[in-house]
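Here the structure comes first, spelled out in structure tokens, and everything after it is commentary.
Below, read A as the first sequence line, B as the second, and so on, with proteins coming before strands; counting in each chain starts at 1.
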Amino acid sequence: MHKYRSHTCGELRKSHAGETIRLSGWVNRIRDHGGLLFIDLRDHYGITQIVVNPDSEFFPLAETIRSEWVVTVTGTVIERVAAAINPKMDTGEIEIGITGLEIQSAAKELALPVFGELDYPEDTRLKYRFLDLRRERIHNNIVRRSQIISSMRKRMVNEGFTEYQTPILTASSPEGARDFLVPARMHPGKYYALPQAPQQFKQLAMVAGFDRYFQIAPCFRDEDPRADRALEFYQLDIEMSFVTQEDIFQTIEPVLRGIFEEFADGKSVTKTFPRIPYLEAMLKYGSDKPDLRNPIEIVDVTDQFGDDSVSFKAFKGIVASGGSVRAIPAPGAASKPRSFFDKMNDWARKDMGAAGLGYIIFDEIDGEIVGRGPIAKFIPAEIQAQMVAKAGINGGDALFFAAGKTSTAATLAGAARDRIGHQLGLIDETKFELCWIVDFPMYEFDEKEDKLDFSHNPFSMPQGGLEALENQDPLDILGYQYDIVCNGFELSSGAVRNHKPEIMYKAFELVGYDKAFVDENFGGMIRAFEYGAPPHGGLAPGIDRIVMLLCGEENLREVTMFAMNQQAEDLLMGAPANVSPKQLRELHVRSVMPEVKKEDKKAD
RNA sequence: GGGGAUGUAGCUCAGUUGGUUAGAGUGUCGGCCUGUCACGCCGAAGGUCGCGGGUUCGAGUCCCGUCAUCCUCGCCA
């Protein structure tokens with residue numbers, strides 16, 4: 001018999017009764033009846049109950065065993081009597097009568113109990129990740145992640161894509177996120193950068209004639225992490241040649257829908273992804289990553305508040321100065337207490353930094369819809385009726401109002417839409433609602449820098465091409481740029497690329513970068529485009545976020561085997577860490593520590 | 001860097017208007033227990049109430065500062 005096991009802990013059934021077998025695993029749980037001892041033995045595959053009788057020579061040893069020890073058990077498969085069957089366990093119809101026991105590895109008192117579904121502090125979980133990962137939920141998540149990635153590969157290959165690798169040590173590129181840098185030992189003072197994405201490489205692969213590229217690509221961005229954002233993450237990176245935006249949609253939508261359907265676990269998945277222009281998304285949902293499970297749709301009521309008959313000065317002033325007012329329906333909110341509306345207002349002021357949220361509550365009285373609330377008296381019934389009609393609401397509903405500069409009002413309205421949707425329980429948790437957001441603007445005005453900037457991806461093809469760049473107001477130019485959004489999370493970003501050098505130079509010129517800058521920073525790609533570049537495009541769905549959604553989790557760490565905390569520290573491995581002076585010398589690097597605040601300065 | 005929440009036994013938590021010796025569950029240790037599967041029963045050990053200062057006759061509780069963790073804003077083309 002094999003030294004450690006003949007079967008796994010999830011394998012044995014009634015049909016094995018009478019066989020002599022050997023199992024190895026962790027002790028999940030012990031029930032000591034004094035005269036009779038039960039051990040639940042767990043491995044990756046399942047749990048099997050071991051029985052030890054007091055007349056067994058191994059009884060004294062078995063009594064010393066504790067949770068999470070690793071043991072090897074030899075024994076006979078016994079069919080349980082009817083009363084002893086545990087229908088909750090796959091192996092619940094049998095148990096193992098022990099004839100041999102070997103302790104492979106004992107365990108200290110646990111810093112983190114494996115058994116049970118309790119929540120534990122993140123730092124403890126991360127420090128003892130090897131224990132945490134033994135726990136059923138996260139263990140299953142990690143396995144599911146592997147299955148999802150495996151399915152992605154299979155689907156991509158079936159669509160005629162080929163997987164290629166691109167460098168991890170590459171050149172820093174300006175714009176975008178902060179790069180992780182790696183000192184170049186052989187080139188004092190110079191640095192490699194870890195790729196934020198293999199963007200330029202996959203485009204170069206297209207120029208090289210490979211077509212239909214994909215990669216499970218590791219990406220690195222040195223920015224502060226969030227629940228849905230990590231320093232290092234994986235993209236299903238995709239690029240195709242000789243394609244229009246429509247070709248890309250037709251190719252990728254089935255892949256992504258297929259992945260979601262395969263792992264949705266009973267939740268419904270959007271059949272045909274709606275395509276929502278960016279401007280429409282910003283108006284109706286106040287976000288470029290709308291949660292379409294939320295039925296609320298925002299409407300613009302700037303004209304209503306601008307009407308001469310309205311005397312609500314705060315909003316009239318905003319309208320007069322070119323701002324906007326957006327109305328957010330709150331279905332059924334009329335029955336909510338005053339505190340519901342006050343709290344929304346407090347939230348807008350405190351969390352959103354807004355002046356506040358106006359609101360009107362609408363009641364149906366004798367067949368007529370009548371508004372009430374602090375600002376209702378400033379708005380004539382006729383104007384209120386226009387708002388009701390525009391928002392498509394009824395008696396018993398309310399309208400919140402977000403006012404300000406158009407972009408500010410839109411964003412505030414979007415945040416309010418999310419909040420109202422959640423608080424009124426309008427979010428259908430049984431759905432994956434996917435959509436394309438299309439027609440992103442090429443440029444936006446950067447208020448802080450007081451200059452024009454790329455709003456999305458500088459390598460995208462502007463709609464209208466060179467002609468648009470030369471003749472249109474840059475802020476009106478749209479790009480062949482698109483996102484995939486699911487349940488309020490941006491899953492993917494992509495574009496038809498700009499493969500013409502003259503359009504590239506012009507696109508950069510508009511944001512203040514001259515030819516020399518482009519040549520210096522994107523020299524490889526520009527050069528490539530001068531030697532026969534195919535029209536091409538692609539996108540890059542974020543694998544971690546997809547897995548997170550499909551596992552029903554709200555944090556990437558729940559689907560990441562070895563994760564960092566929010567301070568970007570690996571508490572298990574102790575990264576980042578000091579290195580020796582010798583290592584630094586070899587790299588021609590010296591640390592310059594930040595200045596310490598005065599009161600902290602203490603001799604130690 | 002800003003905002004919010006949290007911090008009490010190995011772990012999960014309770015702890016009232018400030019008032020005697022800070023509790024429970026679980027785990028650990030000891031005893032009992034032959035059909036449990038969150039086994040049960042009895043007992044014991046286990047605490048810098050995150051840390052520092054202040055108010056007070058008296059602080060886990062109130063105040064100030066600070067640290068840590070998470071969420072979030074900035075940031076993430």
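From Q566(A), atom CD reaches atom CZ of R557(A) across 6.5 Å, with rounding to the nearest 0.5 Å.
The aromatic rings of W436(A) and Y482(A) lie perpendicular to each other, with more than 60° between the two planes, well past the 30° mark. In this structure, F517(A) and Y513(A) have parallel ring planes: the angle between them is below the 30° cut-off, well short of the 60° mark.
Counting only distance, with no hydrogens or angles, the side chain of R129(A) and the backbone of M561(A) share a donor-acceptor pair below 3.5 Å. T48(A) places no side-chain N or O within 3.5 Å of a backbone atom of L41(A) that could act as its donor or acceptor partner.
Distance check on atom P: C70(B) versus U28(B) gives 29 Å, rounded to whole Å. Here the separation of A22(B) from G54(B), taken at their C1' atoms, is 23 Å to the nearest Å. Across G10(B) and G46(B), the matching C1' atoms stand 9 Å from one another, rounded to whole Å.
Both tests pass for R29(A) against the ring of F115(A): distance under 6.0 Å to the centre and angle within 45° of the axis.
Taking only side-chain atoms of E223(A), from C-beta outward, the nucleotide of C71(B), C75(B), C37(B) with the closest atom is C75(B).
Base pairing of G74(B) is not made with any nucleotide, judged by Watson-Crick or G-U wobble geometry with both donor-acceptor distances under 3.5 Å.
Side-chain N/O atoms of R229(A) and base N/O atoms of C75(B) include a donor-acceptor pair closer than 3.5 Å. Side-chain N/O atoms of R29(A) and base N/O atoms of C37(B) include no donor-acceptor pair closer than 3.5 Å.
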Open item on the list: For nucleotides 1-13 of chain B, give me one character per nucleotide, 5' to 3': B if any protein heavy atom sits under 4.0 Å from the base, S if the only such contacts are to the sugar-phosphate, - if neither.
Closed with: ---------BSS-
TODO: Sugar-phosphate means primed atoms, P, OP1 and OP2; the rest is base. With that split, encode nucleotides 29-35 of chain B 5' to 3' as B, S or - using protein heavy atoms under 4.0 Å.
DONE: S---BSB
Return all side-chain donor-acceptor pairs below 3.5 angstrom for residues 218-225 of chain A, not counting sequence neighbours, or 'none' if the list is empty.
| from | atom 1 | to | atom 2 | distance (Å) |
| --- | --- | --- | --- | --- |
| R221(A) | NE | Q196(A) | O | 3.3 |
| R221(A) | NH2 | Q196(A) | O | 3.2 |
| E223(A) | OE1 | R178(A) | NH1 | 3.4 |
| E223(A) | OE2 | R178(A) | N | 2.8 |

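When each of S493(A), S460(A), P462(A) is tested with Q481(A) by the rule side-chain contact (heavy atoms from CB on, under 4.5 Å), just one qualifies, namely S460(A).
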